[in-house]
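Per chain, numbering begins at 1; letters A, B, ... match sequence-line order.
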Amino acid sequence: MEVRTRFAPSPTGFMHLGGVRTALYAYLYAKQNHGKFILRIEDTDQERYVEGATEVIYDTLRRCGMNWDEGPDIGGPCGPYIQSERKATYMPYAEQLVKSGHAYYCFCSKEEIDQRRAKVEAAGGTWKYDKHCLHLSPEEIEEKKAAGIPWTIRMNAPTEGETSYHDMVFGDMTFQNAEAMDDMVLIKQDGMPTYNFANVIDDHLMGITHVMRGMEYLSSTPRYNYLYNALGWEIPAYIHLPTVMRDATHKLSKRDGDAYYSDFMDKGYLTEALINYLALVGWNPGDDREFFTMDELVEAFDVKRLSKSPGIFDVNKLTWFNAEYIRRLPKEKYLELARPWFDQVLSEDSTDYARLAELMQERTEVFNQVPGMIRFLAELPEYDAELFTHKKMKTNPAVACEALQLVTPVLEGIDEAQWTEPVLHDRLMACIQEAGRKNGAVLWPLRIAISGQASTPGGAIEIAYLLGKEETLRRIALGLEKARAAC
RNA sequence: GGCCCCGUGGUCAAGAGGCCUAAGACAUCGCCCUUUCACGGCGGUAACUCGGGUUCGAAUCCCGACGGGGUCACCA
């Protein structure tokens with residue numbers, strides 16, 4: 001039988017990383033079994049409708065390389081793939097369940113239920129819908145409906161016995177019906193199905209063979225199975241996934257500002273790196289491989305190697321992956337991606353972007369660090385003369401003074417048109433040798449003077465080249481003053 | 001609180017009774033390379049939650065405790 005998995009997000013406007021990972025595993029499982037990956041939008045909660053939210057889902061999935069075989073935009077044999085457009089398909093099944101005694105009309109208002117609930121809880125009990133409307137006669141039901149009293153349809157949950165099912169990750173699960181089941185609402189007052197109901201109906205109608213979802217559904221699965229059985233449908237295989245956590249005690253959540261796919265894209269993470277990392281939170285290939293393309297993941301993925309315990313999302317490791325992916329980028333691609341970040345503080349008219357990109361590529365972990373790393377090129381930062389002191393280079397302000405004086409005429413003597421790294425290198429090295437100095441003793445102060453900071457992308461020569469003759473000389477003069485004042 | 005799940009270093013994790021004086025990766029620390037930083041190379045610190053069993057032998061099996069998470073909506 002063909003494997004069919006689905007990703008069924010609700011359109012909230014953002015793609016949660018936990019959701020991205022769930023989608024990823026569902027995609028991988030389908031593809032490695034040469035099956036179909038289906039996208040379904042679960043928007044039965046009309047109050048939560050968000051403009052443009054489905055586009056966010058499409059866009060994210062596409063950029064991640066998870067192309068769906070059936071979905072709202074491309075259609076398919078089981079459409080429509082948006083639940084709000086399927087409204088009419090759910091009611092008949094609900095009515096069928098009413099007829100067979102597995103469900104019933106309920107006319108209780110929210111307020112009435114709240115009251116009864118409060119009473120039970122005040123008495124120290126645990127509330128569960130009390131089947132108040134279960135035994136309404138057909139006449140009573142018609143009367144109430146005719147009177148315009150809003151109604152819902154509730155599942156008539158069994159109060160005894162137990163339900164068992166098998167999960168491909170967690171193994172065999174057994175629940176006492178009295179504990180795990182309740183008369184959950186199937187059809188809401190607005191006529192829309194609840195998630196619980198629509199999910200079951202659609203998964204069946206769309207031929208989903210393997211249901212992948214977060215482990216928070218582990219304990220509600222008996223209720224879904226009850227529905228499948230009541231409808232006479234085959235229960236799908238279940239693959240519940242461990243939670244992605246922020247730390248040991250908190251889930252990744254929007255409050256951290258680090259839970260959404262877009263958060264990471266905005267910061268300058270690469271989708272490939274994110275996917276690669278995410279795949280490894282909760283799953284591992286069983287060997288030491290860490291780098292995977294999507295195709296390699298499809299090949300290597302194995303449900304049996306899915307973890308049961310929650311995984312903490314480690315930004316450190318993600319960042320390392322990102323840096324690795326950035327280093328492996330072709331030069332041109334790097335420049336293309338870095339350009340907007342360069343533009344934040346520099347202009348291509350005055351800076352050799354291509355060269356800057358070469359220098360920056362191996363130092364970039366996340367693109368949002370780039371502006372801060374190159375800002376000194378646009379403007380010499382305030383710095384302390386103490387920066388001229390470096391024990392290993394054996395420099396201090398006094399040494400810097402001499403070094404800068406030594407170097408000034410040499411640089412002044414270089415023609416504007418000759419201001420290239422090779423020329424800079426040769427002239428500088430020649431004069432250093434002639435003066436009998438150590439490279440570091442001259443180049444360290446030079447770099448400090450022209451950059452104003454201890455750490456820069458590239459050494460004195462590269463920085464001088466990037467800055468150009470005029471600016472380099474200007475900064476050296478400034479540095480000289482500063483060094484002098486400090487001796 | 002009831003029910004369910006989980007428990008190897010700071011993090012991801014290998015480990016499915018002896019191969020474990022417990023792998024690898026990230027992070028961290030030190031050294032080397034180097035005109036800084038980074039990259040790279042080398043090395044170090046660091047873990048089987050605890051307590052009982054079972055067994056000749058347990059990180060691996062069982063029980064309990066403890067810890068953490070999940071779930072108990074007309075939200076998904």
OP1 or OP2 of [N] less than 4.0 angstrom from a side-chain nitrogen or oxygen of [X], does that happen here?
X	N	result
A:T44	B:rA76	yes
A:R154	B:rC74	yes
A:R117	B:rA73	yes
A:K188	B:rA76	yes
A:N199	B:rA76	no
A:R305	B:rG15	yes

Check: [N] base within 3.5 Å donor-acceptor of [X] side chain:
X	N	answer
A:Y217	B:rA76	yes
A:K392	B:rU34	yes
A:Q176	B:rC3	no
A:K317	B:rA27	no
A:R447	B:rU36	yes

Quiz item: Looking at A:Y261, A:F264, A:F321, which hits ring-ring contact (aromatic ring centres under 6.0 Å, His included) with A:Y269?
Solution: A:F264
Spacing of [X] atom [atom1] relative to [N] atom [atom2], expressed in whole Å:
X	N	atom1	atom2	result
A:L218	B:rG2	CG	P	19 Å
A:R289	B:rG24	CZ	P	18 Å
A:L466	B:rU36	CG	P	18 Å
A:F14	B:rA76	CZ	C1'	17 Å

Base, sugar-phosphate, or nothing for [X], non-hydrogen atoms under 4.0 angstrom?
X	value
A:K304	nothing
A:M184	nothing
A:S309	sugar-phosphate
A:G458	base
A:E290	sugar-phosphate
A:E179	sugar-phosphate
A:F175	sugar-phosphate
A:T152	base
A:N316	sugar-phosphate
A:M373	nothing
A:A454	base
A:I461	base
A:T456	base

With the side chain of [X] defined as its heavy atoms from C-beta on, choose the nearest nucleotide among [options].
X	options	answer
A:L443	B:rA38, B:rU35, B:rC12	B:rU35
A:E216	B:rA25, B:rU35, B:rG70	B:rG70
A:R363	B:rA38, B:rG40, B:rC5	B:rA38
A:M429	B:rG69, B:rU35, B:rA76	B:rU35
A:D314	B:rG24, B:rC26, B:rC5	B:rC26
A:D182	B:rA73, B:rA25, B:rA23	B:rA73
A:Q189	B:rA76, B:rC74, B:rA23	B:rC74

Quiz prompt | Gap in Å between the two P atoms, one belonging to B:rC37 and one to B:rU28, rounded | solution = 15 Å
Could you check whether [Y] and [X], counting side-chain N and O atoms only, form a donor-acceptor pair closer than 3.5 Å?
X	Y	value
A:N225	A:T163	no
A:N276	A:Y325	yes
A:T194	A:R154	no
A:E386	A:T389	yes

Quiz item: A:K308 or A:M393: which one's nearest nucleotide on RNA chain B is closer to the 5' end?
Solution: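 Checking each residue's closest nucleotide, the 5'-ward one belongs to A:K308.
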Exercise. Between A:A180 and A:E462, name the one whose nearest nucleotide on RNA chain B is closer to the 5' end.
Key: A:A180
Quiz item: Would A:D203 and A:R40 pass as an ion pair if we require N to O under 4.0 Å?
Solution: yes
Pairing check on [N]: which nucleotide meets the Watson-Crick or G-U wobble criteria with it, both distances under 3.5 Å?
N	value
B:rC42	B:rG30
B:rC56	B:rG18
B:rC37	none

Practice problem: Quick one: pull up CH2 in A:W444 and CZ in A:F388 and give me the separation to the nearest 0.5 Å. | Solution: 10.5 Å
Practice problem: Could you grab the distance from atom CD of A:Q83 to atom OG of A:S10, nearest 0.5 Å is fine? | Solution: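 Rounded to the nearest 0.5 Å, the CD-OG separation comes out at 9.5 Å.
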Quiz item: Between A:Y277 and A:F313, is the gap from one ring center to the other below 6.0 Å?
Solution: yes
